[in-house]
Amino acid sequence: GTTTVVGVLVDLLTGTVLAEDSVMNLQITYGEELLTRIAYAKTPAGIRDLQSAAVESINKVISRITATAQVPVSSVADICIAGNTVMSHLLLGQDTRRLEQPDPNISRDPVIIRARSLHIGPGTDAYVYILPAVSRFIGGDAVGDVIVSGMPALQDLSLMIDLGTNGEIVLGNADWLASV
């Protein structure tokens with residue numbers, strides 16, 4: 001997230017949560033809020049700084065949860081990342097200037113990439129799955145919330161509110177979903 005990076009280590013065979021931990025997002029050094037980070041990222045060096053800080057934050061969490069669970073980092077098979085649209089762009093080293101526009105075209109495709117290509121999880125051959133955004137304000141974090149809540153499978157009307165940086169709201173059920 002913008003302020004905090006949270007990680008949960010799950011045994012994929014049993015579904016058991018082995019450990020969870022969090023650290024302050026080290027990007028805070030470059031700005032407390034998204035607009036300041038977007039401004040800082042207007043140069044290639046700024047994008048690199050913010051990407052490195054995100055990766056370092058993620059690696060700290062991975063190191064802490066694997067140590068707590070006494071699991072070697074090399075045993076991490078998959079990493080799923082759900083962040084707001086700006087955070088996902090910065091992690092991938094992508095230009096964020098268009099996110100300042102009123103209605104930018106945002107890819108709704110998930111990103112699947114090897115962890116080593118992002119320098120995530122030293123020694124791991126894991127894949128990183130970055131959940132897609134829906135718009136500049138409805139990011140992969142909200143998409144993850146909807147998936148985990150089971151809203152797309154429910155017949156009853158449901159409301160999901162994510163009170164993070166953006167404050168996403170999703171209303172709907174198996175037939176339709178609307179977000180603001």
Side-chain angles (χ1 to χ4, degrees), residues 1-8 10 12 15 20 22-28 30-42 46-47 50-51 53-55 57-58 61-62 78-115 117-118 120-121 126-180:
T2 307
T3 307
T4 308
V5 176
V6 178
V8 178
V10 178
L12 294 178
E20 56 186 285
S22 64
V23 298
M24 180 73 72
N25 185 337
L26 297 174
Q27 290 178 337
I28 203 159
Y30 305 102
E32 291 187 26
E33 71 287 323
L34 295 176
L35 291 178
T36 305
R37 292 184 200 173
I38 288 172
Y40 188 83
K42 288 186 178 180
I47 292 172
L50 289 163
Q51 182 182 34
V55 168
S57 301
I58 292 167
V61 170
I62 291 171
D78 294 301
I79 300 167
C80 183
I81 296 177
N84 68 50
T85 306
V86 174
M87 292 294 95
S88 294
H89 273 66
L90 292 174
L91 174 61
L92 292 167
Q94 296 174 338
D95 188 351
T96 57
R97 288 179 290 186
R98 65 190 172 92
L99 299 177
E100 293 178 300
Q101 302 304 315
D103 192 21
N105 185 22
I106 303 293
S107 171
R108 293 183 176 188
D109 295 328
V111 174
I112 302 171
I113 190 168
R114 288 284 190 177
S117 69
L118 290 174
I120 292 177
Y127 279 101
V128 174
Y129 301 89
I130 300 176
L131 294 179
V134 174
S135 69
R136 76 176 175 162
F137 293 117
I138 308 295
D141 52 347
V143 170
D145 292 340
V146 167
I147 292 168
V148 169
S149 73
M151 284 177 73
L154 299 174
Q155 292 305 311
D156 291 335
L157 191 61
S158 297
L159 177 69
M160 186 283 299
I161 302 173
D162 180 334
L163 294 177
T165 299
N166 300 17
E168 301 97 339
I169 299 171
V170 179
L171 176 69
N173 61 14
D175 296 325
W176 59 275
L177 295 168
S179 59
V180 291

Exercise. For Pro132, does its backbone N or O pair with a side-chain atom of Arg108 as donor and acceptor, under 3.5 Å?
Worked result: no
For this session: For Asp175, look at atom CG and say whether over 12 heavy atoms of other residues, nucleotides or ligands are found less than 6.0 Å away.
Result: yes
For this session: Kindly write out the residues that satisfy side chain to side chain contact (heavy atoms under 4.5 Å, CB included) with Ile138, not counting sequence neighbours, or none if the list is empty.
Result: Val134, Ser135, Ala142, Glu168, Ser179
Exercise. Between Leu26 and Val5, is any pair of side-chain heavy atoms under 4.5 Å apart?
Worked result: no
Exercise. What are the two closest non-hydrogen atoms of Ile79 and Ala115, and how far apart are they?
Worked result: CD1-CB, 4.3 Å
For this session: Considering non-hydrogen atoms only, spot the tightest contact between Pro152 and Leu177 and give its length.
Result: CG-CD1, 4.4 Å
For this session: Search all heavy atoms of Ile106 against all heavy atoms of Ala133 and return the closest pair with its distance.
Result: CG2-CB, 3.8 Å
Problem set entry | Leu90 side, atom CG; Leu50 side, atom CG - distance, nearest 0.5 Å | 5.0 Å
Problem set entry | Side-chain heavy-atom pair Leu118, Ile58 within 4.5 angstrom cut-off | no
Problem set entry | Backbone N/O of Val86 and side chain of Arg37: donor-acceptor pair under 3.5 Å | no
For this session: Measure across Ala153 and Ala174 and return the closest heavy-atom pair with its distance rounded to 0.1 Å.
Result: C-CB, 4.0 Å
For this session: To the nearest 0.5 Å, tell me how far Ile62 CD1 sits from Ser57 OG.
Result: 11.0 Å
Exercise. Hey, does the side chain of Arg136 reach the backbone of Gln101 with a donor-acceptor pair shorter than 3.5 angstrom?
Worked result: yes
Exercise. If you look at every heavy atom in Ser117 and Arg114, which pair is closest and at what distance?
Worked result: OG-O, 2.7 Å
Problem set entry | Separation of Thr96 OG1 from Leu35 CG (nearest 0.5 Å) | 9.5 Å
Exercise. Under 3.5 Å, side chain of Asn173 to main-chain N/O of Trp176, donor-acceptor pair present?
Worked result: yes
For this session: Please check if atom CD in Glu100 has more than 12 non-hydrogen atoms from other residues, nucleotides or ligands closer than 6.0 Å.
Result: yes
Exercise. Under 3.5 Å, is there a donor-acceptor pair between the side chain of Ser88 and the main chain of Thr85?
Worked result: no
For this session: Could you check if a side-chain atom of Val170 sits within less than 4.5 angstrom of a side-chain atom of Asp145, using non-hydrogen atoms only?
Result: no
For this session: Would you give the length of the straight line joining atom CD1 of Ile38 to atom CG of Asp95, rounded to the nearest 0.5 angstrom?
Result: 10.0 Å
Exercise. With a 4.5 Å limit on heavy-atom distance, are the side chains of Thr3 and Asn25 in contact?
Worked result: no
For this session: Could I get the full list of ring-ring contact (aromatic ring centres under 6.0 Å, His included) partners for Tyr127, not counting sequence neighbours?
Result: none
For this session: Output the distance between atom CD1 (Ile120) and atom CD1 (Ile81), rounded to the nearest 0.5 Å.
Result: 4.0 Å
Exercise. Would Thr2 and Met87 satisfy side chain to side chain contact (heavy atoms under 4.5 Å, CB included), going step by step from the backbone distance to the final call?
Worked result: CA-CA 7 Å; Thr2 307; Met87 292 294 95; 4.1 Å; yes
Exercise. Quick one: CD on Gln51 to CG on Leu91, what's the gap to the nearest 0.5 Å?
Worked result: 6.5 Å
